[in-house]
Trainee: 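Before I ask anything, here is the structure I am working with.
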Amino acid sequence: MKALGIMSGTSLDGITIALIEADPNAENLNILHYKTYPYSDEVKNRIKEVSEHGVVDEVSNLNYELGVIFSHAVSRFLTDFGIDFNEIFVIGLHGQTIYHNSGISTLQIGEPSFIAIRNHIDVVSNFRSKDIVLGGTGAPLIPYFDFLYFRKFSPVALVNLGGISNITFVPDNDPSHVIAFDMGPCNMVLDKSAQVLFGVDFDKDGAFAMQGKINDEMLDYLKNNEYILKKPPKSAGRSEFGDKFFGDILEKFGKINKFDFIATLNMFVAYSIAYSIKNFINSRFNLLVLSGGGAKNKTLVENIKRLLNDFEVKHSDNFGIPSEAKEAVAFGVYAIRSKLKLKSHLPQTTGSKSDYIMGSLTYGE
Ligand SMILES: Nc1ncnc2c1ncn2[C@@H]1O[C@H](COP(=O)(O)OP(=O)(O)OP(=O)(O)O)[C@@H](O)[C@H]1O
Ligand SMILES: CC(=O)N[C@H]1[C@@H]2OC[C@@H](O2)[C@@H](O)[C@@H]1O[C@H](C)C(=O)O
């Protein structure tokens, strides 16, 4: 079965689309094409603004505008790779998270009806709501895919370096043994410091961070962050690590050299990952598989390797999943499962009462 998975994550870099061919258990999974369509600066700023201070008319309008933008991205993707929409069984659309209050409410916007009507394909969206209704945190959801695909390499931990860093530990073939949670901030804060201090979108390859020295006082301050120390299950977003979090650090440590500032933040991201693994996963294993845009940040990867020097650190590309596309691929697999009325979830990873058929279906006709 062929499906499209569409992910637009918390980094706000854009819309990643993947065309996959898979069976519902992802035992045979081929990633045929994938591409990221960047958000314009205007759209990016609107999403940020609405996420932090939006009122209802702005949220509603942006929901429809993003629906159009997603639908155009799908049309471009089909054209770019010469794909006929009749080949596609279903689309999994994550949507853009603009609000996430762990366990209370979560909102992913980008009206799916645009894709369904304009591209004539059934769309599964609204993946997180049932988890909240069943008493879960609403995130992370990728662990079920991680289990399906990576169990053959277990014991292994999958570390996604997106806007937020999150981990799935797959110890063996038993889904009830999987541990997963959001570890802390990642590109969300690294991008913000690249933008504020250096005037660029992100710290390409970690080049700025590479040139700085660690400021011990700032690192000690960050290490005491309440979220990092909190036991899982837990999930995070802009409420925990958005502009307010960054503004507070800047206010306290903005006077230090800007290369040292970003170097220390970069080390803190690595530290929060190492801390989470050492404190919240009580098992022996030595394989870490990185994915997400942050896997291209060489300084971050070096810092992770330094702090976890007894681990073998690889990229998901080495296991057949391009690191940029992993989440999009996962939502493609989830869409296939949902359309077939198959449940997809690991309740212990979010604290929900049970597993469930993910999402809502919008028919493409
Ligand atoms: N060459 C690179 N060097 C450093 N960082 C990079 C590079 N390429 C991409 N990135 C980072 O990756 C980010 C995008 O990552 P990704 O697409 O995994 O995030 P996301 O899906 O939005 O996040 P999340 O998984 O939290 O929802 C960019 O914002 C940038 O910070
Ligand atoms: C609410 C929300 O959108 N959360 C995202 C975010 O980005 C990373 C991390 O925080 C994770 O919890 C989640 O995304 C992935 C796709 C997940 O659900 O596993």
Side-chain angles (χ1 to χ4, degrees), residues 5-18 34 36-39 44 47 51 92 94-109 126-129 131-132 136-146 158-168 180-195 200-210 227 232-242 262 265-266 269 290-301 316 322-331 334 344-346 349-350 358:
I6 308 179
M7 181 64 194
S8 42
T10 46
S11 297
L12 300 183
D13 58 325
I15 306 160
T16 304
I17 307 185
Y34 68 94
T36 298
Y37 296 89
Y39 280 135
K44 212 185 280 188
I47 298 171
S51 304
H94 175 269
Q96 185 65 55
T97 296
I98 57 157
Y99 184 74
H100 184 72
N101 187 359
S102 187
I104 308 287
S105 82
T106 187
L107 186 57
Q108 286 70 47
I109 62 168
N126 189 26
F127 284 91
R128 299 187 188 277
S129 300
D131 193 68
I132 301 255
T137 51
L141 299 182
I142 299 298
Y144 186 73
F145 169 78
D146 286 340
L158 298 313
V159 169
N160 191 63
L161 301 169
I164 298 287
S165 70
N166 55 324
I167 188 163
T168 306
F181 54 96
D182 287 350
M183 293 183 284
C186 186
N187 298 317
M188 197 178 275
V189 291
L190 300 181
D191 288 359
K192 185 76 187 177
S193 40
Q195 287 152 14
V200 295
D201 281 350
F202 64 96
D203 183 12
K204 191 162 190 302
D205 303 337
F208 296 136
M210 185 124 40
Y227 182 86
K234 55 182 179 175
S235 66
R238 250 167 226 289
S239 328
E240 288 78 10
F241 298 115
I262 201 167
L265 259 189
N266 190 302
V269 170
L290 305 181
S291 60
K296 294 187 188 144
N297 186 320
K298 293 191 180 122
T299 309
L300 179 60
V301 175
S316 66
S323 41
E324 178 186 329
K326 191 174 119 188
E327 294 179 340
V329 169
F331 284 106
Y334 291 162
S344 326
H345 189 46
L346 300 169
T349 60
T350 59
M358 279 182 166

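Atoms within a ligand are numbered from 1 in the order they appear, just like the ligands themselves. The structure displayed is predicted, hence computed values, not measured ones. Heads up: numbering here begins at 1 and tracks the sequence.
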Trainee: Is it true that S165 lies under 4.0 Å from ligand 2, counting heavy atoms only?
Mentor: no
Trainee: With heavy-atom distances below 4.0 Å as the criterion, list the atoms of ligand 1 near G292.
Mentor: 18 (O)
Trainee: Before signing off on this row, confirm whether E327 and ligand 2 have an N or O atom pair separated by under 3.5 Å.
Mentor: no
Trainee: Starting from atom 16 (P) of ligand 1, which protein heavy atom do you reach first, and at what distance in Å?
Mentor: G293 N, 3.6 Å
Trainee: Please check whether S235 reaches ligand 2 - meaning an N/O of the residue sits under 3.5 Å from an N/O of the ligand, judged on distance alone.
Mentor: no
Trainee: Counting C-beta onward and ignoring hydrogens, is there a side-chain heavy-atom pair between T350 and H345 closer than 4.5 Å?
Mentor: yes
Trainee: Who's the nearest protein heavy-atom neighbour of atom 27 (O) of ligand 1, and how far?
Mentor: T10 N, 2.9 Å
Trainee: Using a plain distance cutoff, I'd like to know if H100 has any nitrogen or oxygen under 3.5 Å from a nitrogen or oxygen of ligand 2.
Mentor: no
Trainee: Can you name the atoms of ligand 1, numbered from 1 with element, that are less than 4.0 Å from a heavy atom of D205?
Mentor: 1 (N), 2 (C), 3 (N), 4 (C)
Trainee: Which ligand 1 atoms, with their elements, are less than 4.0 angstrom from a heavy-atom of D203?
Mentor: 3 (N), 4 (C)
Trainee: Would D191 count as being in polar contact with ligand 1, using the rule that some N or O on each side must be under 3.5 angstrom apart?
Mentor: yes
Trainee: Which residues pass the ring-ring contact (aromatic ring centres under 6.0 Å, His included) test with F202, sequence neighbours left out?
Mentor: none
Trainee: Under 3.5 Å between some N or O of ligand 2 and some N or O of L141?
Mentor: yes
Trainee: Counting both backbone and side chain atoms, is some N or O of I142 under 3.5 Å from an N or O of ligand 2?
Mentor: yes
Trainee: In terms of atom number and element, which parts of ligand 1 are under 4.0 angstrom from non-hydrogen atoms of K204?
Mentor: 3 (N)
